[in-house]
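Heads up: the structure comes next, in structure tokens.
In this text the structure is predicted, and so the values were computed from the model without any measurement. Chain identifiers are assigned alphabetically (A, B, ...) following the order of the sequence lines, protein sequences preceding nucleic acid strands; residue numbering begins at 1 within each chain.
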There are 2 protein chains.
Amino acid sequence: MSDDLDISTARSAAESPDALLPLGSELQHSLNFQIRMAQILSYRQFEKKQPGYGGAARFLGLLSIIKNNPGAPQHRLAEAVGLQRSSVVPILDRMESEGIVERRDVEGDRRAKAVYLTGKGDQVVAELSDSALQMERYMTAGLSPEQIRVMVEGLSQIVENLRKL
Amino acid sequence: MSDDLDISTARSAAESPDALLPLGSELQHSLNFQIRMAQILSYRQFEKKQPGYGGAARFLGLLSIIKNNPGAPQHRLAEAVGLQRSSVVPILDRMESEGIVERRDVEGDRRAKAVYLTGKGDQVVAELSDSALQMERYMTAGLSPEQIRVMVEGLSQIVENLRKL
DNA sequence: GTCAGATTGATTGATGTCGAACTATTCGAT
DNA sequence: ATCGAATAGTTCGACATCAATCAATCTGAC
């Protein structure tokens, strides 16, 4: 009485050697874990899909913010994307050497640098945005528009909550 | 006709110098961007809240999977958490030196190592899981249980979709 | 006006992760 | 039984990010 055995959970790692290791239900229902997994896999995939431009794909968020806030100083860009001031420096170095962004001196504050998207930067952002949209369509296969809306709003709320710490 | 001006988007960076840089609506509604932001901020916060154990906080997911799959080989653990085989090596080195996990030889395959949680590891996982649960409660302030459920399921679906690539 | 403290961007050292090797094993076709 | 291909874990070099620190500049209290 054990060959045609029970339904869902029984199929342990030993029995189906090719399947993914099962997550405990704790992990399966952990928002943090699922967020992390989604982030890791989606960014890996996106960078694989859009190489070049000095790895700009990973920084589409940053570039998009620069486009929307021309002339913003670096520390505010860092804050906006959740990185340290010091981490943004080599990123902008790279983007600048790729001709995607430009640092200009600020009149009235000689410490600061104002960051702008170049013409090429505009093109790159447009291309990457397109690609990102495709990517999102693939990622969200099987989800309703309403469900996606709820997720985006929920994540946005979570980000807001975390920023207050 | 311009002092008491329009509602939502008008308040540009120049006018409210302390506020966060505004995201374009494209970014605001980008699932990828929101996932990334949530992940960055939540893991940073969690590690700040739970330092020690050789940075185990960041690897709670991995440890939890080890607990649920005692004796699994390293490459399957890597796959389960979305990392490269080679990235898991130094993590396990660290966790092993902290006495949290243990690598044992596998009889029947002298290449493989079977990974187990130690007694101390069990305690650490329990403590970190507790802390993670608290963290999630804080993160999700303002979200309904139903909304959280939809998000977890949606993210889970997204992870599944991305794994197929 | 001056000077202590804050702020901006940059630099440095440590660690995490990746991708491409490499070594030791195991597997499979013959 | 043998040997080429696949596999498990590791090592190595490159880069991202952080935290702490630095130099230049700005601000505000006096």
Should the pair B:Glu102-B:Arg104 be classified as a salt bridge under the 4.0 Å nitrogen-to-oxygen rule? yes
Dump every N/O contact between nucleotides 4-7 of chain D and the protein below 3.5 Å, one line per pair.
unit_1, atom_1, unit_2, atom_2, d
D:dT7, O2, B:Arg111, NH1, 2.5

Hits for side-chain hydrogen bond (donor to acceptor under 3.5 Å, both in side chains) against B:Lys113, two or more places apart or cross-chain, chain-then-number order -> none
task: Give A:Arg110 one of three labels, base, sugar-phosphate or nothing, depending on what nucleic acid heavy atoms sit under 4.0 Å from its own.
output: sugar-phosphate
Salt bridge (Lys or Arg N to Asp or Glu O under 4.0 Å) pairs touching residues 139-150 of chain B, sequence neighbours excluded, are B:Glu146-B:Arg149, B:Arg149-B:Glu153
Picking from D:dT17, C:dG9, C:dT17, the nucleotide nearest the side-chain atoms of A:Pro73 would be C:dG9
A:Arg85 atom CZ is separated from C:dT12 atom C1', nearest whole Å, by 15 Å
- Determine: side-chain N/O of A:Ser87 to OP1/OP2 of D:dC18, distance under 4.0 Å, yes or no. yes
Any N or O donor-acceptor pair under 3.5 Å from the base of C:dG19 to the side chain of B:Ser86?
yes
Sequence neighbours excluded, the answer for side-chain hydrogen bond (donor to acceptor under 3.5 Å, both in side chains) partners of B:Gln74 is B:Arg103
Here the distance between atom C1' of C:dG9 and atom CG of A:Asp105, to the nearest Å, is 12 Å
Quick check: is A:Val125 connected to B:Phe33 through a chain of hydrophobic side chains (ILVMFWY, heavy atoms under 4.5 Å apart)? yes
note: B:Arg76, atom CZ; D:dG9, atom P; distance rounded to Å ~ 11 Å
Counting only pairs under 3.5 Å, give me each side-chain donor-acceptor contact of residues 21-28 of chain B, with atom names and distances, residues two or more places apart or in other chains.
unit_1, atom_1, unit_2, atom_2, d
B:Gln28, NE2, A:Ser156, OG, 3.2

Between A:Asp109 and A:Leu83, the residue closer to the 5' end of DNA chain D by nearest nucleotide is A:Leu83
Of A:Gly108 and B:Lys48, the one whose nearest nucleotide on DNA chain D sits closer to the 5' end is B:Lys48
Phosphate OP1/OP2 of D:dA16 contacted by A:Arg94 side-chain N/O (<4.0 Å): yes
Residues of residues 35-44 of chain B with a heavy atom under 4.0 Å from any atom of DNA chain D, listed by number, are B:Arg36, B:Arg44
Ranking D:dC18, D:dC26, D:dT10 by distance to the side chain of B:Lys113, first place goes to D:dT10
The remaining residues in the hydrophobic cluster of A:Val150, counting side-chain heavy-atom contacts under 4.5 Å among Ile, Leu, Val, Met, Phe, Trp and Tyr, are B:Val150
Output, in order, the C-alpha distance, side-chain angles, deciding distance and verdict of side-chain contact (heavy atoms from CB on, under 4.5 Å) for A:Met139 and B:Asn32. CA-CA 9 Å; A:Met139 282 170 50; B:Asn32 269 316; 3.5 Å; yes
Testing C:dC18, D:dA16, D:dA8 for proximity to the side chain of A:Arg58, the answer is D:dA16
Taken to the nearest whole Å, CD/B:Glu107 to P/C:dT26 is 12 Å
From CD of B:Glu96 across to C1' of D:dT10 the rounded distance in Å is 13 Å
Subject >> Side-chain N or O of B:Gln84 closer than 4.0 Å to phosphate OP1/OP2 of C:dG16 >> reply: no
In short, salt bridge (Lys or Arg N to Asp or Glu O under 4.0 Å) pairs touching residues 117-129 of chain B with sequence neighbours left out are B:Lys67-B:Asp122
B:Glu79 atom CD is separated from C:dC18 atom C1', nearest whole Å, by 17 Å
Taking D:dT17, C:dT17, C:dG9 as options, the one with an atom nearest any side-chain atom of B:Ile91 is C:dT17
From CD of B:Gln74 across to P of D:dT11 the rounded distance in Å is 11 Å
Rounded to whole Å, the CG-P distance (B:Leu77 to D:dT10) equals 12 Å
Taken in chain and number order and not counting sequence neighbours, the residues that satisfy side chain to side chain contact (heavy atoms under 4.5 Å, CB included) with B:Val159 are A:Gln34, A:Met37, A:Ala38, A:Leu41, B:Arg163
